[in-house]
Amino acid sequence: MTTDPAPGADLQQLVANARAGRVRAIARLISLVENNSPRLREAMSLMAPHTGHAHVVGLTGSPGVGKSTTVAALIAAFRRRGVRIGVLAVDPSSPFTGGAVLGDRVRMQNHSLDTGVYIRSMASRGHLGGLSTAAPQALRVFDTARFDVVLVETVGVGQSEVEIASTADTTLVLLAPGMGDGIQVAKAGILEIGDVFVINKADRDGVQNLQREIRGMIALDPQRGPQEWKPPIVRTVASAGEGIAELADQIEAHRAAQRLSGAWDRRRLARFRAEIEALALAEVRRRFLTGDRAVAADLAARVRDGRTDPFSAADLLLRNL
Ligand code: GDP
């Protein structure tokens, strides 16, 4: 595991090396994020001018649907197009699972000598602001390192998938026939976040039914007006590389359409706003928990004695932070 750079190590040099595509520098910068290093702030401020270029593509779907296989296939497809591609596998629960598996799978494809590919798994447990701030910061490192496309894969299920998808410019929702996915789509709120639906394992029975279900749900979604991007449904057999070129086409088409309509920028602004809020709230909480406990105790006593009301006490507390 990579650690923080030694004290005195030049962050500026580290950022410059990441800009030059040096893997060690990229790895170290992401470790700063992962470890919530005290030097993260400085690093982020050095990287800020170099960000805004990468197309962030989120990938979500139930375990076993074929996410890792699809990521590996997409890497190959994008590399054939000369696109530099990064992969961030975020595991909200454990630092040691999916990313490693994914890494192995891609290493089997002989990308390890290719500087146009970088794969990294990241744990986000205990990070300031949680998943919602750790992933975007890691993505800034990829962006700084001039990756054109960054795939974000979540390992595990639940709310975090939706959270991660909200950090993406384009969200792929993977489904497979025979997994009861139609129902899952409706339940998990995954329909709203899908920009491109992928029916993987299209070599299996039930593709038509699943496609009909997804189409029906897209048509019913009240949030999708006639001018909005209409999510395409792409059939893939990721394990055989089938349909992957079309998937890459649709990812690029979504970017082009969003840029044209202005939705691209609106979505990014909403994202950064949410990120700033999450950081600010986490900081308030941190200061509250590490600050002078006597202030809070004194305020509590005043509320108890009827000398002040809780709203005024909260105001005072905020002013004292
Ligand atoms: P993940 O858990 O979503 O990352 O799923 P994996 O990529 O690990 O895939 C789960 C299993 O499905 C693996 O055994 C893959 O080889 C297999 N698989 C992936 N894509 C396809 C496909 O298109 N068709 C079939 N039949 N199997 C697939």
Side-chain angles (χ1 to χ4, degrees), residues 56-79 85-111 117-124 131 135 149-165 168 170-185 187-188 190-191 193-211 213-214 232-251:
V56 179
V57 179
L59 202 97
T60 183
S62 309
V65 76
K67 291 188 295 296
S68 304
T69 314
T70 302
V71 166
L74 275 174
I75 290 172
F78 276 118
R79 287 309 289 144
I85 182 163
V87 178
L88 179 67
V90 184
D91 188 337
S93 53
S94 154
F96 301 116
T97 53
V101 176
L102 179 66
D104 289 346
R105 195 163 287 163
V106 175
R107 267 189 289 283
M108 288 190 313
Q109 292 193 340
N110 295 321
H111 289 301
V117 178
Y118 180 70
I119 298 162
R120 170 68 183 249
S121 62
M122 190 178 77
S124 60
L131 207 56
V149 170
V150 187
L151 297 175
V152 187
E153 184 195 3
T154 34
V155 181
V157 279
Q159 184 57 32
S160 55
E161 289 190 337
V162 177
E163 219 176 297
I164 279 296
T170 301
T171 299
L172 314 182
V173 173
L174 263 69
L175 304 157
M179 292 180 70
D181 276 315
I183 300 149
Q184 278 179 39
V185 173
K187 271 195 191 147
I190 269 173
L191 178 70
I193 60 166
D195 298 305
V196 178
F197 287 89
V198 182
I199 300 184
N200 189 41
K201 305 196 181 181
D203 52 332
R204 295 196 173 168
D205 290 342
V207 174
Q208 296 285 1
N209 280 345
L210 183 54
Q211 179 146 357
E213 267 182 276
I214 301 167
I233 303 170
V234 183
R235 297 179 184 193
T236 58
V237 183
S239 49
E242 285 170 29
I244 297 297
E246 194 202 335
L247 178 55
D249 287 345
Q250 291 294 355
I251 292 169

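Quick note: numbers below take in every heavy atom, side chains included, and nothing from hydrogens, waters or symmetry partners. Both counts, for ligands and for their atoms, begin at 1 and track the order of listing.
Under the 3.5 Å distance criterion, the side-chain polar atoms of Lys201 are left unmatched by any main-chain donor or acceptor of Gly66. Side chain of Asn200 to main chain of Val65: a donor-acceptor pair is present (N/O by atom type, distance under 3.5 Å, no hydrogens or angles).
Residue pairs meeting the salt bridge (charged side-chain N to carboxylate O under 4.0 Å, His left out) criterion with at least one partner in residues 235-246, sequence neighbours excluded, are absent.
Remark: ligand 1 and Ala238 share an N or O pair separated by less than 3.5 Å (distance only, no angle test). Considering backbone and side-chain atoms alike, Gly64 places an N or O below 3.5 Å from some N or O of ligand 1. For ligand 1, the polar-atom distance check finds an N/O of Asp203 within less than 3.5 Å of one of the ligand's N/O atoms. For ligand 1, none of its N or O atoms has an N or O atom of Pro63 under 3.5 Å away.
Per-residue contacts place Lys67 under 4.0 angstrom from the following atoms of ligand 1 (heavy atoms of the residue considered): 1 (P), 3 (O), 4 (O), 5 (O), 7 (O). Counting the atoms of ligand 1 from 1 in the order shown, those under 4.0 Å from a heavy atom of Thr69 are 6 (P), 7 (O), 9 (O), 15 (C), 19 (C). Near Ser62, the atoms of ligand 1 lying under 4.0 angstrom from a non-hydrogen atom of the residue are 3 (O).
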Worksheet item: Run the side-chain contact (heavy atoms from CB on, under 4.5 Å) check on Val71 and Ile119 step by step: do they pass?
Response: CA-CA 10 Å; Val71 166; Ile119 298 162; over 6 Å; no

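Across Thr60, Asp195, Ile251, a single residue satisfies side chain to side chain contact (heavy atoms under 4.5 Å, CB included) together with Leu172, and that is Ile251.
The distance from the CD1 atom of Ile233 to the CD atom of Gln250 is 10.5 Å, given to the nearest 0.5 Å. Residue Leu74 holds its CG atom at 6.0 Å from CG of Leu151, rounded to the nearest 0.5 Å.
Residue contacts with ligand 1 do not include Ala240, since none of its heavy atoms lies under 4.0 Å from the ligand.
Closest heavy-atom approach to atom 22 (C) of ligand 1 among the candidates Pro177, Ala72, Ser239, Gly66: Ser239.
Neither the backbone nor the side chain of Ala176 has a heavy atom within less than 4.0 Å of ligand 1.
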